[in-house]
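Only one structure is covered here, and it is reproduced in the block below.
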2 protein chains.
Amino acid sequence: MMQLQEGRDKFIQAWGTLGSSWGINRTMAQIHALLLISPIALSTEEIMDALGISRGNVNMNVRSLMDWGIVHKELRPGDRKEYFHAEKDIYLTAMKIMRERRKRELEPLITIMTQLKQVEKLETPEGQALTKAVHDIDHFAHQADTVLTTMEKMTSNWFTQQFLSVIKKIKPL
Amino acid sequence: MMQLQEGRDKFIQAWGTLGSSWGINRTMAQIHALLLISPIALSTEEIMDALGISRGNVNMNVRSLMDWGIVHKELRPGDRKEYFHAEKDIYLTAMKIMRERRKRELEPLITIMTQLKQVEKLETPEGQALTKAVHDIDHFAHQADTVLTTMEKMTSNWFTQQFLSVIKKIKPL
DNA sequence: TCACTTTTTCAGAAGTTATTGAAAGTGTAG
DNA sequence: CTACACTTTCAATAACTTCTGAAAAAGTGA
């Protein structure tokens, strides 16, 4: 049977590794993991000590986590330090990460494809191949954007209760 | 009005930049872009020349693109060179990227959460916070896996025609 | 205002990932 | 078997990203 401290370390380690593939850097993900399993909000110093990282690093990554909307600041009366805690609803967290990634990845893609639609239309195979690729990607990006925007508007609760059952009922081709 | 060559360069450049945020490295994405807008299959040398990169780099990245299933090898009778072409259906390409990412990101996450369920259950706030996080993430990961697996089984055509309209009909909460 | 506490910034160091190019490997035709 | 045409590998290195720690800035109360 695994002990608590071992489990906590393993959890932080795992979330850090996984985070990288989700477009979140290792330390940012580790801080997120630490706050996720902490019942109370933690100060910069506590995070530094728990993860053995520098003040600058904690500050920078906590700021980013707040930009993503998945970590929040807490102020305690009579205390000048800032304390941080993570959003504990994992579905809401996933939605917010999705939202941020949509903004950072899909929106620039749509902008560029819009520019590329201005390429002179030629009858050559080269010209047609480019036109087709631009058209297809633009179409896809808009659809993906619509899907993600719609999902964003729905609560985490909705995801839990409805989305899965809807998907399950659709017959695979 | 933008000229063809300028458009092609811009397209390759854009796809390369975007690729990085989709978990595909810059060069791999640029090779993919080049093949996507090429009406004919290209040899290693042609890719090297078009993108100004080394033989080893082309070889390595083309291999990865084939592992992802979005680039294919073509052999021409009487020619010992290998020629490469990209899957031109952008929805199918997106599905294959999704599939690969599910395997690389979600499956290891599920494995680790399964291990972490073995942590001794304690009544302390620390113990309960860890147990809850592990439970929630495990539940989420299984759901996400089911959704993605279901989508994988559907054709690109299905995505185009059905998914969007289904999503659109669901009333946001 | 000053003295003190906490946060932010940023140049350089450390660490990570991608790329090259030459050498080794593979397959084929004569 | 040998020569050739191509592909693959991999150690060295280049390019890029993250992290540190000390200094500057910002905030607070007396």
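By convention in this document, chain letters (A, B, ...) are assigned in the order of the sequence lines, proteins followed by strands, and residues within each chain are numbered from 1.
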- Message: Does Arg63(A) form a salt bridge (charged side-chain N to carboxylate O under 4.0 Å, His left out) with Glu82(A)? I'd like the steps, not just the answer.
- Response: CA-CA 12 Å; Arg63(A) 265 351 86 186; Glu82(A) 295 178 334; 3.6 Å; yes
- Message: Under 4.0 Å, heavy atoms only, any strand: does Arg63(B) hit a base, just the sugar-phosphate, or nothing?
- Response: sugar-phosphate
- Item | Along DNA chain D (nearest heavy atom to each residue), the more 5'-positioned of Thr27(A) and Phe84(B) | Phe84(B)
- Atom-pair distance (CZ on Arg55(A); P on dA25(D)), nearest Å: 18 Å
- In whole angstrom, what separates Leu42(B)'s CG from dC6(D)'s C1'? 17 Å
- Side-chain atoms of Asn59(A) come closest, of dT7(D), dT8(C), dC19(D), to dT8(C)
- In plain terms, say whether Glu6(B) and Lys10(B) are close enough for a salt bridge, that is, a side-chain N and a carboxylate O under 4.0 Å apart. no
- Message: Rounding to an integer number of Å, can you tell me how far Arg26(B) CZ sits from dC16(D) C1'?
- Response: 11 Å
- Kindly say whether Ser43(A) contributes a backbone atom to a donor-acceptor pair with the side chain of Glu46(A) at under 3.5 angstrom? yes
- Task: Name the closest nucleotide to the Asn61(B) side chain, picking from dG21(D), dT19(C), dT7(D).
- Result: dT19(C)
- Query: Does His135(A) reach the main-chain N or O of Thr131(A) with its side chain, forming a donor-acceptor pair under 3.5 Å?
  - Reply: no
- Message: Closest-nucleotide mapping onto DNA chain C: is Tyr83(A) or Asn57(A) further toward the 5' terminus? I mean the 5' end.
- Response: Tyr83(A)
- Query: With respect to the side chain of Asp79(B), which nucleotide from dC6(D), dT18(D), dG21(D) is positioned closest?
  - Reply: dC6(D)
- Query: Just how far is it from atom OG of Ser38(A) to atom CD1 of Ile31(A), taken to the nearest 0.5 Å?
  - Reply: 13.0 Å
- From dT5(C), dC19(D), dT28(C), nucleotide with atom closest to Arg80(A) side chain: dT5(C)
- Message: Can you tell me which nucleotide in dT6(C), dT20(C), dT20(D) comes closest to the side chain of Lys81(A)?
- Response: dT6(C)
- Identify which nucleotide among dT8(D), dT20(C), dT19(C) has an atom closest to any side-chain atom of Met60(B), counting heavy atoms from C-beta outward. dT19(C)
- Item | Value in whole Å for how far the C1' atom of dT17(C) lies from CD1 of Ile53(B) | 16 Å
- Over how many whole Å does the gap from Asn25(B) atom CG to dA15(D) atom P extend? 16 Å
- Establish, with yes or no, whether the OP1 or OP2 oxygen of dC6(D) is under 4.0 angstrom from a side-chain nitrogen or oxygen of Thr44(B). no
- Query: Atom CD of Glu82(B) and atom P of dT7(D): how far apart are they, to the nearest Å?
  - Reply: 5 Å
- Euclidean distance, atom CD of residue Glu74(B) to atom C1' of dT7(D) [Å, nearest integer]: 18 Å
- Message: Measure CG/Leu51(A) against C1'/dC19(D) and give the value in whole Å, please.
- Response: 13 Å
